[in-house]
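What follows is a single structure, written as structure tokens, with notes after it.
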Amino acid sequence: MAPVEANTSLSEIPRACWRGRVLWLGGTLGAGVLGSVGLRMQQERVIHSAMRESGSQAVAMQANVVRHLRTCELVTSRIETTVRAQNNDDNWFGSVVATVEAPARLSYGVDLSKLESSRVVFSPIGGVYSLRVPAPKRIATEVFTGQEKTGVELAGLRFRSMAGEEHLGIARARLHEQALKMRVTGAELERVRESARAEIEGLVRRIVGESASVRVAFDDEGGTRVAAGE
């Protein structure tokens with residue numbers, strides 16, 4: 001019986017080795033899987049943390065842009081022109097036509113004092129700032145009456161010393177009213193709008209960085225345009 005017991009114990013040795021190898025392999029694979037899962041979780045935490053930080057920075061930068069723009073008295077265009085006013089009178093004494101011309105300056109700008117935070121949006125993809133702002137409008141009208149030119153046309157029994165000066169005074173008083181009625185159109189209006197757009201784009205880049213891309217749309221238009229910093 002003793003030899004049989006020896007043979008039995010010898011046959012179990014390979015099985016024990018095989019089981020040990022399986023257990024070792026399983027442990028190694030398990031450790032690898034756990035390590036991979038742990039690494040993946042760590043990467044996701046880093047990514048989420050970076051996204052939260054990026055989002056916080058974007059919100060802070062948007063608020064900074066809005067805060068600065070609200071404090072700007074933005075004059076974007078000045079148009080030098082000439083304003084003309086006239087006064088006529090015609091009765092049985094005769095007729096008088098008094099004309100006054102003076103240089104004028106029309107100033108246009110964009111009112112950003114009430115700019116809402118929702119009108120400034122930052123996209124981390126490409127680092128683009130999109131703004132929607134009021135359209136440019138007249139903010140000042142100046143008439144330089146000290147440089148005026150006058151003309152009086154008389155007919156009949158009218159005298160310049162009386163009728164002429166009186167009607168020149170009336171025409172002179174109408175100069176500012178006539179200047180307020182002046183409107184820019186066509187190519188001149190387009191220059192006013194593009195000048196305002198470029199001024200706002202440049203102002204935003206000075207706040208957030210010259211390499212930023214800025215899109216500015218006015219309230220009366222649908223699309224936007226990209227202005228990349230150079």
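Computed from heavy atoms alone, side chains included, the values below leave out hydrogens, waters and symmetry copies.
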Practice prompt. Just do the side chain to side chain contact (heavy atoms under 4.5 Å, CB included) check on K149 and V100 with the steps written out, would you?
Written response: CA-CA 6 Å; K149 296 179 180 179; V100 180; over 6 Å; no

Discussion item. Determine whether T99 and Q86 satisfy the following criterion, side-chain hydrogen bond (donor to acceptor under 3.5 Å, both in side chains), listing intermediate values before the conclusion.
Written reply: CA-CA 4 Å; T99 304; Q86 191 174 76; 3.1 Å; yes

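The existence of a salt bridge linking E177 and K181 is confirmed by a sub-4.0 Å separation between a basic side-chain nitrogen and an acidic carboxylate oxygen. Note on D220 versus R193: salt bridge recorded, some NZ/NE/NH1/NH2 to OD/OE distance being below 4.0 Å.
Proximity of a side-chain donor or acceptor of E221 to a complementary backbone N or O of F218 within less than 3.5 Å is detected. The backbone N or O of V66 sits nowhere less than 3.5 Å from a side-chain atom of R119 that would complete a donor-acceptor pair. With hydrogens and angles ignored, the 3.5 Å screen pairs no side-chain donor or acceptor of R138 with any backbone N or O of S107. No donor-acceptor pair closer than 3.5 Å links the side chain of S195 to the backbone N or O of V192. A donor-acceptor pair under 3.5 Å is absent between the side-chain atoms of R105 and the main chain of T81, judged by distance alone. Using a distance-only test at 3.5 Å, with no hydrogens or angles considered, a donor-acceptor pair links the side chain of R70 to the main chain of L115.
When the side chains of ILVMFWY residues are joined at heavy-atom separations under 4.5 Å, either directly or via intervening members, L189 and L106 end up in a single hydrophobic cluster. Hydrophobic clustering places M182 together with I79 (ILVMFWY residues linked when any side-chain heavy atoms are closer than 4.5 Å, directly or through intermediates). The hydrophobic cluster containing F144 does not contain L175, counting ILVMFWY residues as joined when their side-chain heavy atoms lie under 4.5 angstrom apart, directly or transitively. Linking ILVMFWY side-chain heavy atoms closer than 4.5 Å, directly or via other members, places I170 and L168 in two distinct hydrophobic clusters. Tracing side-chain contacts under 4.5 Å through hydrophobic residues (I, L, V, M, F, W, Y), one never reaches V121 starting from L69; they form parts of separate clusters.
Atom CD in E194 sits 5.0 Å away from atom CD in E190 (nearest 0.5 Å). Atoms OH and CD, on Y108 and E188 in that order, are 7.5 Å from each other to the nearest 0.5 Å. Here OG1 of T150 is found 7.0 Å from CZ of R172. Values are rounded to the nearest 0.5 Å. Rounding to the nearest 0.5 angstrom, the gap separating the CG atom in L131 from the CG atom in L203 is 9.5 Å.
Taking the side chain as every heavy atom from C-beta outward, V128 and F122 never approach each other to under 4.5 Å.
No side-chain donor-acceptor contact under 3.5 Å links T82 and E101.
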